[in-house]
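Predicted model only: the values in this text are computed from it and were never measured. Numbers restart at 1 for each chain; the letters A, B, ... are given by sequence-line order, proteins then strands.
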Amino acid sequence: MSTPTDRPSICVSLPDGRELALPEGATAADLAAKIGPGLARAALAATVDGEVRDLARPLPDGAEVRLLTERDPEALGVLRHSAAHVLATAVRELVPTAGIGFGPAIDDGFYYDFDVPEPFTPEQVAAIEERMAAVIEADHPFERQVVSRQEACDLFSDDPLKLERLGEIGDDEEITVYRDGPFLDLCRGPHVPSTGRLGHYRLLSAAGAYWRGDERRRMLQRIYGTAFFRAKDLRAHLHRLEEAKKRDHRVLGKRLDLFSVQEEVGAGLVLWHPHGGRVRRIVEDFLRESLVAHGYELVYTPHLASEELYRISGHLDVFAEDMFPAMESGGDRFRMKPMNCPHHFMIYRSQVRSYRDLPLRFAELGTCYRYERSGTLHGMLRVRSFTQDDAHIFIREDQIAEEYQRLLDLGDHLLGVFGYEYRVALSTRPEKAIGDAAVYDAASDRLAGVLRERGLDYELDEGGGAFYGPKVDILVTDALGREWQGGTFQLDFLMPERFGLEYVGRDNRRHQVVVVHRTLLGSMERFIGGLIEHYGGAFPLWLAPVQVRVLPVSEQWEGSAAELVAQLSAVGLRVELDQRDTLGYRIRAAETMKVPYMAIVGEREAEAGTVAVRARGARRKQVAMERGEFVSRLADEVERRVL
RNA sequence: GCUCUGGUAGCUCAGUGGUAGAGCGCUUCCUUGGUAAGGAAGAGGUCGCGGGUUCGAUCCCCGCCCAGAGCUCCA
């Protein structure tokens with residue numbers, strides 16, 4: 001389409017379907033200006049036919065253009081990537097010899113990797129952050145320039161990291177550099193129009209990171225930061241980080257006396273203290289009860305096995321590094337078990353199974369041992385000895401869909417009780433898959449069908465499945481909005497073959513079973529570590545290690561208080577009598593230990609046969625209650641597992 | 001495993017080349033207290049472990065162990 005003017009023009013379309021004519025060479029910024037001065041000020045970047053671009057780039061004729069302001073989620077990534085450049089600008093000004101790695105935007109902010117002789121000190125990071133303010137103040141425009149390979153090589157001749165990256169850019173790709181004031185970077189962009197658009201940012205930490213994420217290569221120094229459009233959002237983010245620190249299960253685990261990890265015992269080996277043990281036992285009891293109700297058989301298997309077992313499973317070849325070394329005894333070699341699967345397979349194999357027996361569901365709270373690398377250990381969340389809520393389900397191929405329905409029912413029930421939101425992901429056949437691709441894909445399709453049927457808006461991870469079968473993952477979101485692995489249901493077509501797991505069909509022939517490996521909570525360690533953070537240590541009544549503290553106002557009322565303790569214990573409540581020091585002191589102690597209820601007994605209560613009930617966090621808003629009513633209310637709250 | 005930082009009383013931490021301190025907690029005594037710390041006294045330490053330097057090391061140096069942040073890894 002051409003217009004009868006002497007200036008050639010282009011036409012672009014907007015998200016609302018409107019079309020606008022612009023002079024040839026007009027940029028997205030020009031477009032914004034044409035639409036209105038407000039948008040011209042607010043625009044940060046644009047999507048052009050779906051690709052995010054700088055505002056300053058000329059628009060192609062016929063493009064679909066969407067102008068991005070701080071309201072668009074894509075804009076935040078652009079802002080953060082630009083913040084990374086500002087960070088690098090500041091670093092270069094303070095340390096001119098610093099080599100420049102990569103500086104991407106990430107989920108919660110951005111980072112930049114620098115090649116410097118010494119790690120950054122906290123003082124340096126503070127100085128860099130201050131320097132960034134000057135770069136922003138200067139309001140340098142981000143200038144994009146397309147250069148030839150030779151020009152780029154010349155520009156970055158003293159920066160080997162950039163030259164290496166340059167070498168990887170194909171001849172068919174455009175090489176672009178971006179400049180903001182003194183800083184020039186090899187970068188694909190896009191960026192906000194100028195450094196002045198950065199407002200609310202914070203540098204968070206500095207630590208080593210391998211160049212290209214490869215542990216065989218040199219270590220660079222990475223600085224992490226975050227940036228937002230609004231001060232409020234930055235504040236909220238920093239607050240969330242603070243909150244996460246306060247909820248750290250390692251800190252709470254110590255303060256609430258739940259667990260410890262001690263040098264003399266060994267790294268990654270968790271000791272469950274009595275109160276942690278109570279929480280675990282309650283979770284386990286609830287889990288076992290749910291499993292039995294869902295048709296599982298509970299099995300038990302030893303903590304170690306002959307190495308031969310792992311030779312059959314094939315794990316010895318692939319995962320020997322991650323297993324504890326062998327123990328020799330009487331000429332046999334034994335290993336601490338790194339997983340329960342082979343043991344359960346041996347139980348399955350111990351007799352001839354009929355198609356009528358299937359599905360067969362073996363569940364075990366199975367303790368496993370894996371020699372995780374020292375740097376990966378983390379409180380209860382990454383350990384070397386852990387108890388999986390493991391199960392192996394043996395089914396016929398035609399039972400896949402129904403079994404996954406049951407699994408999702410069970411998962412939904414369990415996670416709901418703990419107050420977790422979750423989402424689901426399906427991982428399908430990777431390149432390296434073994435066996436019949438058609439069988440794999442048919443199974444994936446069936447799983448997808450199940451998820452659709454349940455109305456689940458699942459995420460598809462194409463090619464993310466294991467080489468032996470597709471899987472469905474449950475990803476839970478905790479109270480702070482963080483995501484955890486919340487269960488995985490893994491189909492396996494390989495192990496049945498390796499172990500010869502068969503059933504006799506209606507046709508009186510042997511057929512291979514299909515195995516589902518599944519865990520719902522993961523491991524007791526990881527799950528309860530996660531629960532501690534989810535609840536911030538304030539467990540709901542049904543899980544709380546101590547549910548009630550009875551506090552006599554003075555020694556005089558101890559007898560009456562003891563009667564109440566007996567009444568509460570009689571219905572199975574976990575109750576303590578606290579008779580130390582002053583009442584104020586004991587209230588403070590109960591709050592600190594996050595005990596759900598305080599039951600106070602003084603003259604008034606002793607005489608009236610009542611109790612003054614103060615709930616955790618309720619300050620002075622306490623209520624007087626008949627004792628019987630108090631007991632039955634708590635019993636009911638436990639029974640219904642109120643959150 | 002790698003880089004950096006750290007390890008002092010049960011906990012949180014201060015401190016020093018001449019064998020060590022606080023607060024909380026614990027024990028005992030006084031107080032019998034009505035809603036987030038009443039008062040006093042006392043006990044409690046191989047200053048992570050092993051070497052080295054030094055007249056002398058908790059402190060300086062080396063190795064190891066453990067922890068933290070990040071990287072890498074996670075059947």
Output every pair passing salt bridge (Lys or Arg N to Asp or Glu O under 4.0 Å) with a member in residues 98-114 of chain A, not counting sequence neighbours, ordered by first then second residue. A/Asp113-A/Arg222
Could you list, one pair per line, each protein nitrogen or oxygen that sits under 3.5 Å from a nitrogen or oxygen of nucleotides 59-63 of chain B, together with the distance?
none

How would you list all residue pairs meeting salt bridge (Lys or Arg N to Asp or Glu O under 4.0 Å) that involve residues 581-591 of chain A, not counting sequence neighbours? A/Glu591-A/Arg614
Looking at A/Glu605 and B/rG34, is any side-chain donor or acceptor paired with a base atom of the opposite kind under 3.5 Å? yes
List, with names and distances, any nitrogen or oxygen atoms from the protein found under 3.5 Å away from nitrogen or oxygen atoms belonging to nucleotides 41-44 of chain B.
none

For A/Arg574, salt bridge (charged side-chain N to carboxylate O under 4.0 Å, His left out) partners two or more places apart: none
For A/Asp390, the side chain to side chain donor-acceptor pair (under 3.5 Å) test, sequence neighbours excluded, returns A/Asn340
From B/rC26, B/rA36, B/rG34, nucleotide with atom closest to A/Tyr585 side chain: B/rC26
Which of these nucleotides, B/rC66, B/rA36, B/rG38, is closest to any side-chain atom of A/Arg588? B/rA36
Check every strand shown and say whether A/Gly584 touches a base, only sugar-phosphate, or nothing at a heavy-atom separation below 4.0 Å. sugar-phosphate
With sequence neighbours excluded, what pairs up with A/Asp248 under the salt bridge (charged side-chain N to carboxylate O under 4.0 Å, His left out) test? A/Arg250
All N/O donor-acceptor pairs, side-chain side in residues 518-531 of chain A, below 3.5 Å, sequence neighbours left out:
{"from": "A/Arg518", "atom 1": "NH1", "to": "A/Tyr296", "atom 2": "OH", "distance (Å)": "3.3"}
{"from": "A/Arg518", "atom 1": "NH2", "to": "A/Asp389", "atom 2": "O", "distance (Å)": "2.9"}
{"from": "A/Thr519", "atom 1": "OG1", "to": "A/Asp389", "atom 2": "O", "distance (Å)": "3.4"}
{"from": "A/Thr519", "atom 1": "OG1", "to": "A/Asp389", "atom 2": "OD1", "distance (Å)": "2.6"}
{"from": "A/Thr519", "atom 1": "OG1", "to": "A/Gly522", "atom 2": "N", "distance (Å)": "2.9"}
{"from": "A/Thr519", "atom 1": "OG1", "to": "A/Gly522", "atom 2": "O", "distance (Å)": "3.1"}
{"from": "A/Ser523", "atom 1": "OG", "to": "A/Arg526", "atom 2": "N", "distance (Å)": "3.0"}
{"from": "A/Glu525", "atom 1": "OE1", "to": "A/Thr387", "atom 2": "N", "distance (Å)": "2.8"}
{"from": "A/Arg526", "atom 1": "NE", "to": "A/Leu381", "atom 2": "O", "distance (Å)": "3.1"}
{"from": "A/Arg526", "atom 1": "NH2", "to": "A/Leu381", "atom 2": "O", "distance (Å)": "3.1"}

Kindly give the atom pairs (protein nitrogen or oxygen, nucleotide nitrogen or oxygen) under 3.5 Å for nucleotides 4-14 of chain B.
{"from": "B/rU12", "atom 1": "OP1", "to": "A/Lys254", "atom 2": "NZ", "distance (Å)": "3.4"}

Wobble G-U and Watson-Crick pairs count when both distances are under 3.5 Å; given that, what is the 5' to 3' dot-bracket string of RNA chain B, with | for pairing to other strands? (((((((..((((....[..)))).(((((.......))))).....(((((..]....))))))))))))....
Look at the side chain of A/Arg604 and decide which nucleotide, out of B/rG34, B/rG38, B/rU35, has an atom nearest to it. B/rG34
Nucleic acid footprint by protein, nucleotides 68-75 of chain B - heavy-atom cut-off 4.0 Å, B for base, S for sugar-phosphate alone: SSBBBBBB
Side chain to side chain donor-acceptor pair (under 3.5 Å) against A/Asp478, all qualifying residues, sequence neighbours excluded: A/Arg482, A/Trp484
